[in-house]
K.L.:
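Input: one structure, supplied below.
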Amino acid sequence: MDTMQIANSLPMWIACAFPVCLVIVQAVLFWRDAWKAGEHTGLTKTQMKRAAKSSAITSIGPSIVVLSGMLSLLVTVGAPIGWMRLSMIGSVMFESVAAGLGTSAIGVTLGTDTMTDEALAMALWTMILCSIGWVIFATIMANRMDKLEKKVTRGSSAMLGVIASSAIIGVFASLMANYLSKPFINMIQKVSAAVTINSWKSVLSSVLGAAIMFALTKIAKKKGWHWLSEWSLTITILAAMIITALV
């Protein structure tokens, strides 16, 4: 049987369906417990429904990006694996890089060379083993994070907000630094013009995303449009992607 036929076979769909179902069950349980916690803390049903609605709308934009990554994995490692991995992890960059590292270990370049049985197995094992550290860390540290939080913040809710905001800014800054610096590095290293142009598109999409989000946030606050705040992330992602693709 051809390798991609194996990757898209019924047994593979069944095997990949189990962890996806587990994720769905976890989501339902978290939602149930979050609702109970909200009632316990005194939040009204209107407030919780509004939070749930905002969260659902905000997730649309990132989900579209994940879907595009799933399409690329569908071609390289098969639909079941792509569906399963991105349902659990959701990091397009990680999954693509991990699969590529796995296949390259036996001399197969992901997306260009013909996939073999060994290369498919290596890609799958690499994706799994490289992410198992997160599971181990969460298992060991989940019940200790509350104590760590209190120790670091010394019980200050304001300090917790500062730390959380700084962490988010640091993560996104780290991710964006590579895209913003890539064209300049390519120019210094005298990389081919085609590659350099593509790297400039990454810069353009990053700048557009920041500008569009800034503008939408300002408009939403000025006009009092709550719906625009909810949809701003999705609008920003789609607008930046479309404009960059048209350039």
Side-chain angles (χ1 to χ4, degrees), residues 1-31 56 58-142 171 174-175 178-179 182 191-192 194-195 198-199 201-202 205 234 237-238 240-242 244-245:
M1 183 182 292
D2 180 76
T3 300
M4 293 311 295
Q5 288 181 326
I6 296 174
N8 292 289
S9 63
L10 180 59
M12 189 66 77
W13 277 107
I14 295 173
C16 292
F18 280 107
V20 175
C21 290
L22 178 61
V23 171
I24 296 173
V25 171
Q26 286 180 320
V28 173
L29 292 176
F30 280 129
W31 177 84
T58 304
S59 68
I60 294 175
S63 297
I64 294 174
V65 178
V66 172
L67 177 61
S68 65
M70 187 180 296
L71 293 176
S72 65
L73 286 178
L74 183 149
V75 176
T76 54
V77 296
I81 296 174
W83 172 56
M84 181 265 291
R85 292 300 301 170
L86 292 180
S87 295
M88 298 177 66
I89 306 300
S91 174
V92 179
M93 184 182 299
F94 169 80
E95 298 300 330
S96 300
V97 171
L101 289 173
T103 58
S104 64
I106 58 172
V108 175
T109 302
L110 189 69
T112 57
D113 296 335
T114 302
M115 182 68 78
T116 63
D117 295 351
E118 293 81 5
L120 178 63
M122 288 295 292
L124 185 55
W125 275 109
T126 304
M127 286 189 287
I128 293 172
L129 293 176
C130 287
S131 61
I132 200 171
W134 308 334
V135 179
I136 295 174
F137 179 82
T139 302
I140 297 175
M141 297 299 297
V171 169
S174 176
L175 291 172
N178 181 53
Y179 293 104
K182 194 67 174 180
V191 180
S192 64
V195 175
N198 287 331
S199 61
K201 288 186 176 182
S202 298
S205 63
T234 300
I237 292 174
L238 290 177
M241 287 174 59
I242 294 172
T244 303

K.L.:
Which pair of heavy atoms, one from Val77 and one from Ala7, lies closest together, and at what distance?
P.N.:
O-CB, 3.5 Å

K.L.:
For Ile81 versus Met127, what's the shortest heavy-atom pair and its separation?
P.N.:
CG2-CE, 3.7 Å

K.L.:
Checking Trp125 now: which residues fulfil ring-ring contact (aromatic ring centres under 6.0 Å, His included) with it, not counting sequence neighbours?
P.N.:
none

K.L.:
Roughly how far apart are Gln26 CD and Ile24 CD1, rounded to 0.5 Å?
P.N.:
10.5 Å

K.L.:
Which donor-acceptor pairs under 3.5 Å do side chains of residues 10-19 form with protein atoms, sequence neighbours excluded?
P.N.:
unit_1, atom_1, unit_2, atom_2, d
Trp13, NE1, Asn8, O, 3.4

K.L.:
Ser205 and side chain to side chain contact (heavy atoms under 4.5 Å, CB included): which single residue from Ile242, Thr244, Ile237 fits?
P.N.:
Thr244

K.L.:
Could you tell me which residues satisfy side-chain contact (heavy atoms from CB on, under 4.5 Å) with Ala240, sequence neighbours excluded, listed by chain and number?
P.N.:
Leu208

K.L.:
Compare all side-chain heavy atoms of Val97 with those of Leu101 and state whether any distance is below 4.5 angstrom.
P.N.:
yes

K.L.:
Specify the closest pair of heavy atoms between Thr126 and Gly102, including all atoms of both residues, with the distance to one decimal.
P.N.:
OG1-CA, 3.2 Å

K.L.:
For Ala119, enumerate each residue passing the side-chain contact (heavy atoms from CB on, under 4.5 Å) test, keeping only those at least two apart in sequence or located in another chain.
P.N.:
Thr103, Ile106, Val108, Met115, Thr116

K.L.:
Not counting sequence neighbours, which residues clear side-chain contact (heavy atoms from CB on, under 4.5 Å) with Leu238? List them please.
P.N.:
Ile64, Thr234

K.L.:
What residues, two or more places apart in sequence or in another chain, satisfy side chain to side chain donor-acceptor pair (under 3.5 Å) together with Ser131?
P.N.:
Arg85

